Amino acid sequence: EASRLDSTKTWLFQAIDEIGYEMTHLFSVLDEAFDLFDKENRGYISYKNFTRILKNYLNGKQWTSEQRREIFNYMDRNNSNKITYEEFSLAFKELYNKNWQRSIMERIYNAIRKGKQRLRLVFHAIDTNGSGAIDITEFKAGLEA
């Protein structure tokens, strides 16, 4: 299926992009973002909850009611007036296409890299004699620090 984002709807593309951007900064996984929208844990997002989250959580962006309805309708692929998890994730996957997966992998890589850097700093702090190995005395001193 061709992209559902019509090039004449630049504002819609930007709105979906902004929602996705804000969610990636608020949540580590898409499931958590969906759960915020699905407050009643029904397995779908109602229009009421969708508009509430847009107004209250996503950077204070206040789209008009017509724009909120159009964003909702774009995500509600089967016109059921409910956005399922599959529809929710498809909206962002379509927008970001392969960049979506790459972005997630980059975030995982960066988290691991930061963890390794922290671990390396801790190791060097404990290895007080700079030998490249931590002996039992250094280990005990590190635990007590």
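Heavy-atom basis, side chains included; hydrogens, waters and symmetry copies ignored. Just so it is clear, the model here is predicted, and its values are computed rather than measured.
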Contacts of Asp135 that satisfy side chain to side chain donor-acceptor pair (under 3.5 Å) - sequence neighbours left out: none
Please identify each residue that fulfils side chain to side chain donor-acceptor pair (under 3.5 Å) with Thr137, with sequence neighbours left out. none
Scanning both residues in full, the closest heavy-atom pair of Ser131 with Ala133 reads OG-O, 2.9 Å
Report the residues that fulfil ring-ring contact (aromatic ring centres under 6.0 Å, His included) with Phe139, sequence neighbours left out, ordered by chain and then residue number. none
Of all residues at least two apart in sequence or in a different chain, which pass the side-chain contact (heavy atoms from CB on, under 4.5 Å) check with Tyr85? Leu30, Asp31, Phe34, Ser89
Kindly indicate whether the side chain of Glu86, heavy atoms from C-beta on, has any atom under 4.5 Å from the side chain of Arg77. no
Value for CZ (Phe72) from OG (Ser65), rounded to nearest 0.5 Å, stands at 14.0 Å
Nearest heavy-atom contact between Gly43 and Asp38 is N-OD2, 2.8 Å
Does some side-chain heavy atom of Phe37 sit less than 4.5 Å from a side-chain heavy atom of Ile83? no
Distance col, row Glu32:CD vs Asp35:CG, nearest 0.5 angstrom, shows 7.5 Å
Nearest atoms (heavy-atom pairs only) where Thr128 meets Glu138: N-OE2, 3.1 Å
pair Glu70-Trp63: side-chain heavy atoms closer than 4.5 Å: no
Within 45° of the ring axis of Tyr47 and under 6.0 Å from its six-membered ring centre, is that where the NZ or CZ of Arg69 lies? yes
Does the side chain of Asn79 reach to within under 4.5 Å of the side chain of Asn73, using non-hydrogen atoms? no
What verdict does the side-chain contact (heavy atoms from CB on, under 4.5 Å) test give for Leu90 and Met75, after you've listed the backbone C-alpha separation in whole Å, the side-chain angles of each residue and the deciding distance to 0.1 Å? CA-CA 8 Å; Leu90 272 173; Met75 294 177 138; over 6 Å; no
Spacing of Glu40 atom CD and Lys48 atom NZ [to the nearest 0.5 Å]: 7.0 Å
For Ser80, side-chain contact (heavy atoms from CB on, under 4.5 Å) partners two or more places apart: Asp76, Asn78, Lys82
Ile136 versus Lys140: any side-chain heavy-atom pair under 4.5 Å? yes
Phe123: partners by ring-ring contact (aromatic ring centres under 6.0 Å, His included), with sequence neighbours left out: none
When rounded to the nearest 0.5 Å, the distance separating NE2 of His124 from CD1 of Ile134 is 9.5 Å
Candidate pair Leu54 and Ile19, rule side-chain contact (heavy atoms from CB on, under 4.5 Å), full reasoning: CA-CA 8 Å; Leu54 288 184; Ile19 293 167; 3.5 Å; yes
Report the C-alpha distance between Leu36 and Ile53 in whole Å, list the side-chain angles of each, state the deciding distance to 0.1 Å, and finish with yes or no for side-chain contact (heavy atoms from CB on, under 4.5 Å). CA-CA 8 Å; Leu36 177 66; Ile53 298 302; 3.7 Å; yes
